[in-house]
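Working notes for the structure below.
Every chain is numbered from 1 and lettered A, B, ... according to where its sequence line falls, protein lines coming before strand lines.
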Number of protein chains: 2
Amino acid sequence: MNKYVNILKEHEIKVTPQRLEIMKYLDEHREHPNVDKIYSALKKKNPSLSKTTIYNTLETLREHNIIQALTISGNELRYDFKNSVHHHFLCKECGQIFDIDVECPNLNKMLKDEYRVDEVHGYFKGECKACREKEEKRKK
Amino acid sequence: MNKYVNILKEHEIKVTPQRLEIMKYLDEHREHPNVDKIYSALKKKNPSLSKTTIYNTLETLREHNIIQALTISGNELRYDFKNSVHHHFLCKECGQIFDIDVECPNLNKMLKDEYRVDEVHGYFKGECKACREKEEKRKK
DNA sequence: TTAGATGCAAAGTGTTTGCAGCCTG
DNA sequence: CAGGCTGCAAACACTTTGCATCTAA
């Protein structure tokens with residue numbers, strides 16, 4: 001838990017139990033949860049937790065570049081503890097978002113001149129292996 | 001206008017004036033408009049036009065792969081007439097979305113095995129040239 | 001002590017749904 | 001003529017705002 005205390009202190013923002021719990025949850029649950037998932041998970045431990053706090057905290061952490069918000073799924077934001085640069089794959093069948101580690105070297109190079117690039121996202125949509133296999137079985 | 005009639009007929013869906021207007025608008029306005037922009041533009045010509053029709057039509061066109069929906073901006077969907085595969089750059093300053101033509105060859109290759117990839121999106125966030133120049137001027 | 005964080009309720013915004021009437025094929 | 005499309009109003013879902021209370025530093 002000290003890990004998260006340190007991150008907050010480095011960024012000079014207040015250390016609160018709620019913030020620590022949210023960071024810990026995101027760090028330990030890499031399935032890119034939405035606000036509701038985080039909320040209902042942490043509500044169990046701390047019944048007075050408010051959804052507003054989740055929103056506030058996620059926004060604060062995002063501003064400080066500790067986490068990132070994924071817009072991949074269209075109707076809701078998904079959150080991601082920002083350890084490394086990686087891309088994402090959304091399975092249209094099961095809704096899960098998977099991390100993809102692919103580098104695209106000729107990308108940044110071309111952009112640099114015209115644009116100042118702060119974030120590079122790649123995302124893919126389709127069907128994941130598990131869902132494809134399930135589908136195969138159904139057909140048999 | 002015949003162009004759009006043909007596209008609809010090829011996909012065996014009904015040809016209606018509303019659909020034609022929406023397609024024409026998207027084809028001629030490549031700034032990736034949101035629903036409201038399309039709605040208010042076309043409402044002028046056809047005051048009885050409903051926003052529901054915009055949503056229905058965009059969804060239908062999307063299902064038929066004629067247009068695509070961009071989730072890049074988080075709080076709303078942006079639409080794009082689907083002529084070619086390309087990526088997008090969102091300027092955080094002015095909100096505009098620009099088309100970017102960069103290929104990433106080693107991408108699909110890696111994905112093929114694990115996933116069935118239907119859509120490949122790349123998007124970048126930052127600041128566009130015009131906004132950067134505006135900012136420079138303000139500083140002087 | 002005090003600036004900032006929390007949490008409740010209410011408002012806001014973009015999208016979806018239900019349904020009656022209309023139009024394309 | 002029939003099934004699909006349109007458009008209105010109401011419902012929804014996710015997020016933001018206003019504000020009183022509480023807490024970390």
Find out whether [X] and [Y] are in side-chain contact, i.e. whether some heavy atom of one side chain is under 4.5 Å from a heavy atom of the other.
{"X": "L61(B)", "Y": "I7(B)", "result": "no"}
{"X": "L49(A)", "Y": "I54(A)", "result": "yes"}
{"X": "L70(B)", "Y": "L77(B)", "result": "no"}
{"X": "L20(A)", "Y": "L8(A)", "result": "yes"}
{"X": "D36(B)", "Y": "E76(B)", "result": "no"}
{"X": "L26(A)", "Y": "I66(A)", "result": "no"}
{"X": "I97(B)", "Y": "E31(B)", "result": "no"}
{"X": "M23(A)", "Y": "I67(A)", "result": "no"}

Short question: side chain of H29(B), backbone of D27(B) - any donor-acceptor pair under 3.5 Å?
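It does not hold such a pair.
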Check: S48(A) main-chain N/O paired with N46(A) side-chain donor or acceptor under 3.5 Å:
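Yes; at least one donor-acceptor contact below 3.5 Å.
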Inter-end axis angle, the helix from dT1(C)-dA25(D) to dG25(C)-dC1(D), with every axis fitted to five base pairs (rounded, 10 degrees):
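Inter-axis angle at the ends, rounded: 50°.
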Under the salt bridge (charged side-chain N to carboxylate O under 4.0 Å, His left out) rule, what pairs show up with a residue in residues 8-23 of chain B, not counting sequence neighbours?
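Residue pairs with at least one partner in residues 8-23 of chain B: E21(B)-K45(B).
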Has K24(A) got its NZ or CZ under 6.0 Å from the middle of the six-membered ring of Y4(A), at an angle within 45 degrees of the ring axis?
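Relative to the ring axis of Y4(A), which defines the angle, K24(A) lies outside at least one limit.
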Members of residues 35-52 of chain A that approach DNA chain C, where some heavy atom sits under 4.0 Å away
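Contacts with DNA chain C under 4.0 Å: S48(A), L49(A), S50(A), T52(A).
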Counting only heavy atoms and a strict 4.0 angstrom limit, can you tell me which residues of residues 9-20 of chain B come near DNA chain C?
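Within this stretch, K14(B), V15(B) sit under 4.0 Å of the strand.
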Positional range of nucleotides in DNA chain C within the contact set of chain A, heavy-atom, under 4.0 Å:
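It runs dA3(C) to dA9(C).
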Please classify the nucleic acid contact of N56(B) as base, sugar-phosphate, or nothing, using heavy-atom distances under 4.0 Å.
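Base contact.
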Return whichever of R78(A) or T60(B) has its heavy-atom-nearest nucleotide of DNA chain D closer to the 5' end.
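Checking each residue's closest nucleotide, the 5'-ward one belongs to T60(B).
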Point-to-point distance, once rounded to the nearest 0.5 Å, from CZ of R132(A) to NZ of K129(A):
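Reported value, rounded in 0.5 Å steps: 8.0 Å.
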About how many Å separate NZ of K37(A) and CZ of R78(A), when rounded to the nearest 0.5 Å?
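Rounded to the nearest 0.5 Å, the CZ-NZ separation comes to 8.5 Å.
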What is the first contacted nucleotide of DNA chain D and what is the last, in 5' to 3' order, if contact means an atom lying under 4.0 angstrom from a heavy atom of chain B?
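Under 4.0 Å from chain B, the extent on DNA chain D is dG3(D) to dA9(D).
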Where is the tightest heavy-atom contact between Y79(A) and A69(A), given as atom of each residue plus distance?
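Answer, listing the atom of Y79(A) first, then A69(A): CE2-CB, 3.7 Å.
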